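Take a look at the structure set out below.
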Protein chains: 2
Amino acid sequence: MSGKPALKRANGPLTVVDDRSVAARLFALLDAFAAPAGATSLTLTLTALAERAGLPLSTTHRLVGELVGWGALTKQHNGQYSLGMKLWELGVQTPTAQNLRTIALPYLEDLYETTREHVHLAILDGRDALYLEKLSGHHAVRLTSRVGARLPLHSTGVGLVLLAHAPADVLQAYLATGLERFLPRTVTEPDAVRKRLAEIRLTGVARLSEEMTRGSSSIAAPIRDRTGRVVAAVSIVTRTTLIVDPEREYAVRLAAQGVSRALGYRRAQQ
Amino acid sequence: MSGKPALKRANGPLTVVDDRSVAARLFALLDAFAAPAGATSLTLTLTALAERAGLPLSTTHRLVGELVGWGALTKQHNGQYSLGMKLWELGVQTPTAQNLRTIALPYLEDLYETTREHVHLAILDGRDALYLEKLSGHHAVRLTSRVGARLPLHSTGVGLVLLAHAPADVLQAYLATGLERFLPRTVTEPDAVRKRLAEIRLTGVARLSEEMTRGSSSIAAPIRDRTGRVVAAVSIVTRTTLIVDPEREYAVRLAAQGVSRALGYRRAQQ
DNA sequence: CCGGCTACTTCCACTGAATGGAAGACACTG
DNA sequence: CAGTGTCTTCCATTCAGTGGAAGTAGCCGG
């Protein structure tokens, strides 16, 4: 691979920091493990890793050695490498994740108990909805989401809620890039999306059917912090039915309000 | 491997890999954020960070710049640094955590629902019980545990279960170091611990009262994978009462069995 | 308004840590 | 047992990283 500049990452969040710096190489190695979509966590051989990170084998070997020594990677019995516990340990200490999760979890559990459906908690990160938490029972519908997943803003319940309350420039930028159509019913036309967002702001809930995963629908509501800013969104994902039942919507609203209140939000204004 | 410098692996939090290497410096910076016990996630100024990591300020400045660029650290409005979302994102993809959690969560939820108590899921990592998951309602007792926390093996329910099924050498090594007494009732005498572990192996449950946190008791049971090896432990932590109630113990057992079965364990032998 | 303090940022000449090609070890496989 | 793919080690070369020092920004008290 001569192509001297920049690593050629294909899919996913490519954060080239500086390239050439040792740090950047280490990051490239870790990024090589970023799982694509809803896939299971990767496991790579040294050679595969070197290739994905765009580094010479011997360099990879040495750096991987350091990463393993620290615990960021683990070498399994079969010689494959995977992300290590140390990374998990540090990761769960990240303030945003840690705090929001801790505060929200009890309410999410309540929501799960009353509805028995998948419960999601997500925040806006860049151009994606980043799933912080997901509860689901033994049966519920199969889904692409998982904790740590990034899903599009325009085709998920939490995504639309987050988008509805995002700063104008973020919305602008998001709509500017073409929106992918996952299923026939996915709304991708910018103006239609804007209209939809206005309604979501008005009613305080988002409802979607068959826009991301066949056979499933979603109801989502915003979570606000003490300043009133929308910082996250909760949703439930249910099997699509024709009946619109207001009870579930109420349950989602209730959960969102509970978390907001726990974050210090008092619906003051007006 | 001449016995020269560094390479100080111990799997405690302070993992000096080689020192001098760029990687080691980066790791030191990240390690500086490792929260002590049950504390909230740290937030540090550049200077504090430099100090904790034992690096010159200018070096710290540059490296921190790279870490922020990649997303491992975040600079907050007030100029303080904290762990960043990228780290969380990678962390939750760690196979052990990811898989166990995904499989176990539904059972933990059931357990929470029937008991309304703190529910813990932990694995053995080094000399500690590492808490992978924690569910707790709005009320339950206040505790030191949290997801990502490390607590001692001899004074927690999950810890004792894990220790009871640990390889002989691990147990040996653990008992060799003096065990800390947290409360008057903490069992710290090696032989007493061994006896206790034998009982836990026999009955399949661990019960503790007032050994770690004042006012709380715990019931824990082992989780096995398809090979029959104990890979994790579940527990509930309740307010201490005088009544030993068998229902809760049954619920914990049930949850542990559920997860074990989901992991492919068939209680074959005997 | 200023001087003094602390905390952060930038600069750059020097140097030793990191590099990577190549060769050696290992492990399958047919 | 040669053949192929993968991993590990070595070491001369050099360029990325270093860190002392100087510059900048922000804050406080007088």
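Please read all numbers here as calculations on a predicted model, not as lab measurements. Labels below follow one simple rule: chain letters A, B, ... track the order of the sequence lines, proteins then strands, and each chain is numbered from 1.
Close to dT18(D), at under 4.0 Å from its OP1 or OP2, lies no side-chain N or O of T59(B). The side chain of R62(A) contributes an N or O atom lying less than 4.0 Å from OP1 or OP2 of dT19(C). Contact check, R25(B) against dT18(D): a side-chain N or O comes under 4.0 Å of OP1 or OP2.
Distance L63(B) CG to dA16(D) P: 15 Å, rounded to the nearest Å. Counting to the nearest Å, the C1' atom of dA7(C) and the CG atom of L49(B) are 13 Å from each other. Rounded to whole angstrom, the span from the CG atom of L55(A) across to the C1' atom of dG20(C) amounts to 11 Å. Between the CG atom of L26(A) and the P atom of dA16(D) there is a distance of 16 Å, given to the nearest Å. Here the C1' atom of nucleotide dA27(C) and the NE2 atom of H77(A) are 19 Å apart, to the nearest Å.
Note that OH of Y131(A) and OG1 of T156(A) are 4.0 Å apart. Values are rounded to the nearest 0.5 Å.
For A232(B), the side-chain contact (heavy atoms from CB on, under 4.5 Å) partners two or more places apart in sequence, or in a different chain, are L100(B), L121(B), I123(B), I223(B). Partners of R101(A) under the salt bridge (charged side-chain N to carboxylate O under 4.0 Å, His left out) rule, at least two apart in sequence or in another chain, are E133(A), E133(B). The ring pair (Phe, Tyr, Trp, His ring centres under 6.0 Å) search around Y81(A) returns none, not counting sequence neighbours.
Each end of the helix from dC1(C)-dG30(D) to dG30(C)-dC1(D) gets its own rotation axis from five pairs of C1' atoms, and the angle between them is 40° to the nearest 10 degrees.
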I'd like to know whether D225(A) forms a side chain to side chain contact (heavy atoms under 4.5 Å, CB included) with Y265(A), so could you lay out the CA-CA distance, the side-chain angles of the two residues, the decisive distance to 0.1 Å, and finally the verdict. CA-CA 5 Å; D225(A) 66 6; Y265(A) 175 64; over 6 Å; no
Under the criterion side chain to side chain contact (heavy atoms under 4.5 Å, CB included), I'd like the reasoning laid out for L73(A) against F33(A): C-alpha separation, chi angles, the key distance, then a yes or no. CA-CA 10 Å; L73(A) 297 181; F33(A) 285 94; 3.5 Å; yes
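Closest approach to the P56(B) side chain among dG20(C), dG19(D), dA18(C) is made by dG19(D) (side chain taken as heavy atoms from C-beta onward). For R20(A), taking side-chain heavy atoms from C-beta onward, the closest of the listed nucleotides dG19(D), dG20(C), dG17(D) is dG20(C).
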Can you tabulate the close N/O pairs, meaning under 3.5 Å, that link protein atoms to atoms of nucleotides 5-8 of chain D?
from   : atom 1 : to     : atom 2 : distance (Å)
dC7(D) : OP1    : L46(A) : N      : 3.4
dC7(D) : OP2    : T47(A) : N      : 2.9
dC7(D) : OP2    : T47(A) : OG1    : 2.0
dT8(D) : OP1    : K75(A) : NZ     : 3.0
dT8(D) : OP2    : H61(A) : NE2    : 3.2
dT8(D) : O5'    : H61(A) : NE2    : 3.4

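Between the side chains of S260(A) and R266(A), no donor-acceptor pair is found at a separation under 3.5 Å.
With respect to D125(A) and K86(B), no salt bridge is recorded, no charged nitrogen being found less than 4.0 Å from a carboxylate O.
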Under 3.5 Å donor-acceptor pairs involving side-chain atoms of residues 166-175 of chain A, not counting sequence neighbours:
from    : atom 1 : to      : atom 2 : distance (Å)
Q172(A) : OE1    : R194(A) : NH2    : 3.3
Y174(A) : OH     : L153(A) : N      : 3.1
Y174(A) : OH     : H154(A) : N      : 3.4
Y174(A) : OH     : H154(A) : ND1    : 2.8

